[in-house]
Amino acid sequence: MLNIVLFGPPGSGKGTQSELIVKKYGLLHLSTGDLLRKHRGEGTDLGKLAQEYMDQGNLVPDAVVIKMVEDRIATESTAKGFIFDGFPRTVNQAQALDQMLLKYDLTITAMLSLEVEFSELRIRLRERGKTSGRKDDQDDAKIENRIKVYNQETTPVATYYEHQQKYVRIKGVGSIESIFQFITHELDALK
Ligand code: ADP
């Protein structure tokens with residue numbers, strides 16, 4: 001069983017690569033960004049709470065996101081394995097994830113980190129903003145804020161997994177297929 005954290009800054013290609021990983025390895029994709037957007041679309045209380053944070057490019061509070069992930073894992077605990085995308089984004093979330101997996105006798109196998117320079121990310125996010133309809137992709141100040149939040153709150157998560165010898169760097173620049181090849185190379189070695 002593989003339980004993978006796909007890590008990387010906004011716009012690093014986590015969603016795109018997750019889809020390919022799901023197809024090849026049959027893992028269950030758990031994207032907190034997608035789940036939050038679904039809540040917003042359905043107008044749930046959680047969605048309403050998350051809206052302002054997301055639109056500004058700030059993190060939704062840990063307790064809310066952790067509870068949402070816990071609920072999802074509970075209904076899918078028979079999955080072949082998980083790919084976590086956009087989660088954990090804080091050390092607090094990483095600790096909570098380890099705790100909740102423990103309940104099912106599971107652990108994170110590895111954290112794959114998509115490495116992309118910030119100048120490239122800015123270009124990608126602005127491009128995505130033209131078609132995605134995502135407000136957080138359409139405004140330079142919001143993009144900058146997400147990069148700032150990533151640097152301050154999310155990069156410590158990499159250190160957390162590095163201490164567990166689970167941190168694997170993946171070059172996140174090049175064609176989608178070539179990046180996926182780097183990923184499959186790592187995952188096949190872990191299987
Ligand atoms: P991206 O990585 O491209 O910025 P995501 O779809 O992963 O986009 O996330 C969009 C927004 O959803 C984030 O900016 C944040 O507001 C919220 N979000 C997603 N995942 C988390 C999380 N694990 N913790 C807190 N907020 C989150």
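Just follow the structure's listing: the first ligand is 1, and inside any ligand the first atom is 1.
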(message) At less than 4.0 angstrom from any non-hydrogen atom of R146, what atoms of ligand 1 do you find?
(response) 1 (P), 3 (O), 4 (O)
(message) Taking the basic N atoms (NZ, or NE/NH1/NH2) and the acidic carboxylate oxygens, is any pair closer than 4.0 Å for D55 and R40?
(response) yes
(request) With heavy atoms of T32 as the reference, note each atom of ligand 1 found under 4.0 Å away. (result) 19 (C), 20 (N), 21 (C), 22 (C), 23 (N)
(message) Out of all atoms in ligand 1, which are within 4.0 Å of some heavy atom of N58? Include the element for each.
(response) 15 (C), 16 (O)
(message) I need the R146 CZ to Q56 CD distance, nearest 0.5 Å.
(response) 11.5 Å
(message) Whether D62 and R89 form a salt bridge (side-chain N of Lys/Arg under 4.0 Å from carboxylate O of Asp/Glu) is what I want to check.
(response) no
(message) Is it the case that ligand 1 has an N or O less than 3.5 angstrom from some N or O of G57?
(response) no
(request) Please report which non-hydrogen protein atom sits nearest to atom 12 (O) of ligand 1, along with the residue it belongs to and the distance in Å to one decimal place. (result) M54 CE, 3.4 Å
(message) Show me which atoms of ligand 1 lie under 4.0 Å from any heavy atom of Q93.
(response) 22 (C), 23 (N), 24 (N), 25 (C)
(request) Consider every N or O of V60 and every N or O of ligand 1, then say whether any pair is closer than 3.5 Å. (result) yes
(request) Give the numbers and elements of all ligand 1 atoms closer than 4.0 Å to a heavy atom of G33. (result) 5 (P), 6 (O), 9 (O), 19 (C), 20 (N)
(request) May I ask you to list the atoms of ligand 1 that are less than 4.0 angstrom from any heavy atom of L36? (result) 12 (O), 17 (C), 18 (N), 19 (C), 27 (C)
(request) Pick out which of R169, K14, K171 makes a side-chain contact (heavy atoms from CB on, under 4.5 Å) with L114. (result) K14
(message) Taking 4.0 Å as the limit for heavy-atom contacts, which would you say applies to V65 with ligand 1: side chain only, backbone only, both, or neither?
(response) side chain
(message) Any nitrogen or oxygen of D34 lying under 3.5 Å from a nitrogen or oxygen in ligand 1? Just yes or no.
(response) no
(request) Please work out which of Q51, E153, E52, R89 has its closest non-hydrogen atom nearest to atom 21 (C) of ligand 1. (result) R89
(message) Which of the numbered atoms in ligand 1 are under 4.0 angstrom from any heavy atom belonging to K14?
(response) 2 (O)
(request) Decide, yes or no, whether a salt bridge links K38 with E42 under the criterion of side-chain N to carboxylate O below 4.0 Å. (result) yes
(message) With a 3.5 Å distance limit and no angle check, can you tell me whether N3 reaches the backbone of T107 through a side-chain donor-acceptor pair?
(response) yes
(message) Heavy-atom pairs closer than 4.0 Å: do any link ligand 1 to the side chain of R128, the backbone, both, or neither?
(response) side chain
(message) Side chain or backbone, does D136 bring an N or O within less than 3.5 Å of an N or O on ligand 1?
(response) no
(message) Just verifying a value: how many Å separate I179 CD1 and T184 OG1, rounded to the nearest 0.5 Å?
(response) 12.0 Å
(message) Within a 6.0 Å radius of atom CG on L190, are there more than 12 heavy atoms belonging to other residues, nucleotides or ligands?
(response) yes
(request) Could you establish whether R37 and ligand 1 come within less than 4.0 Å of each other, counting only heavy atoms on the residue side? (result) yes
(message) At less than 4.0 angstrom from any non-hydrogen atom of R134, what atoms of ligand 1 do you find?
(response) 1 (P), 3 (O), 4 (O), 5 (P), 6 (O), 8 (O), 10 (C)
(request) May I ask you to check whether over 12 heavy atoms, not counting those of D45, lie within 6.0 Å of atom CG? (result) no
(request) Answer yes or no: is there an ion pair linking K67 with D71, defined by an N-O contact shorter than 4.0 Å? (result) yes
(message) Taking the basic N atoms (NZ, or NE/NH1/NH2) and the acidic carboxylate oxygens, is any pair closer than 4.0 Å for R72 and E76?
(response) yes
